[in-house]
Amino acid sequence: MTSPVDPTDFRRACSFFPTGVAVVTTHHGDVFAGMTINSFASVSLQPPLVLWSIRENARSRAIFEGAGRFAVNVLSSEQMDEARHFSKHTLEAFDGEPMAISERGLPLLPGALVHLECETRAIHDGGDHRIMVGEVVALSAREGDPLIFFNGRLSAGFHAFEKS
């Protein structure tokens, strides 16, 4: 029998895998929600599916689950302030922050490299998180350097690789 993995050791080990940084946004009724994530991945091309995870005890979890849709805003290297702002886990995340409303009614962050507008297709149990799976129904993308999360820190020092 193996001994259990210490959560602190596990978190530290996972911190050595660099990830992009995104802000996921939605609104349900009159309430807007946004939160910084690095738990984002593409799942499928046909249909186009993505996933991200939210803590079970996140104050905005009911808003994201009830909305039935969300937008993933992949942040550029110039958006470190936005990443920090939306990491505060408040329900007033958009207070004082610029946003655009898409044709589908989703809040989008100006300046993001990518906007993925998604319809929620499934919500799965993931331990102390819920895994949100969405089908991409609209997108926009531009060139630029992404904001990166590595070893517990945000970094704008990454430069995109040349396409071969």
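Below, each value reflects all heavy atoms present in this structure, side chains not excepted, and no hydrogens, waters or symmetry copies. None of these values were measured; they are calculated from a predicted model.
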Does [Y] offer a backbone N or O that forms a donor-acceptor pair with the side chain of [X] under 3.5 Å?
{"X": "N73", "Y": "V23", "value": "yes"}
{"X": "T36", "Y": "A83", "value": "yes"}
{"X": "S76", "Y": "L113", "value": "no"}
{"X": "H28", "Y": "F64", "value": "no"}
{"X": "S44", "Y": "L49", "value": "no"}
{"X": "R69", "Y": "R104", "value": "yes"}

Approximate separation, where rounding is to 0.5 Å, of [X] [atom1] and [Y] [atom2]:
{"X": "N38", "Y": "L75", "atom1": "CG", "atom2": "CG", "value": "11.0 Å"}
{"X": "E78", "Y": "D145", "atom1": "CD", "atom2": "CG", "value": "7.5 Å"}
{"X": "E65", "Y": "I123", "atom1": "CD", "atom2": "CD1", "value": "4.5 Å"}
{"X": "F70", "Y": "E117", "atom1": "CZ", "atom2": "CD", "value": "11.5 Å"}
{"X": "K88", "Y": "R59", "atom1": "NZ", "atom2": "CZ", "value": "13.0 Å"}
{"X": "S53", "Y": "R130", "atom1": "OG", "atom2": "CZ", "value": "11.5 Å"}

Basic-acidic side-chain contact under 4.0 Å: R61, E56:
yes
With a 4.5 Å limit on heavy-atom distance, are the side chains of [X] and [Y] in contact?
{"X": "F32", "Y": "T25", "answer": "no"}
{"X": "S155", "Y": "L147", "answer": "no"}
{"X": "S102", "Y": "H115", "answer": "no"}

Which pair of non-hydrogen atoms, one from [X] and one from [Y], has the smallest distance, and what is that distance?
{"X": "S60", "Y": "M35", "answer": "OG-SD, 4.0 Å"}
{"X": "P107", "Y": "I101", "answer": "CA-CD1, 4.0 Å"}
{"X": "I131", "Y": "G126", "answer": "CD1-CA, 4.1 Å"}

Assigning hydrophobic clusters by single linkage (Ile, Leu, Val, Met, Phe, Trp, Tyr; side-chain heavy-atom cutoff under 4.5 Å), is [X] placed with [Y]?
{"X": "F40", "Y": "V133", "answer": "no"}
{"X": "L108", "Y": "V50", "answer": "no"}
{"X": "V72", "Y": "L51", "answer": "no"}
{"X": "V43", "Y": "I54", "answer": "no"}
{"X": "V31", "Y": "L106", "answer": "no"}

Filter on ring pair (Phe, Tyr, Trp, His ring centres under 6.0 Å), then keep only pairs touching residues 129-150, sequence neighbours left out; what's left?
none
Could you walk me through whether R84 and L154 pass side-chain contact (heavy atoms from CB on, under 4.5 Å), step by step?
CA-CA 9 Å; R84 287 187 177 117; L154 294 170; 4.1 Å; yes
Check the surroundings of atom CZ in R142: do more than 12 heavy atoms from other residues, nucleotides or ligands lie under 6.0 Å from it?
yes
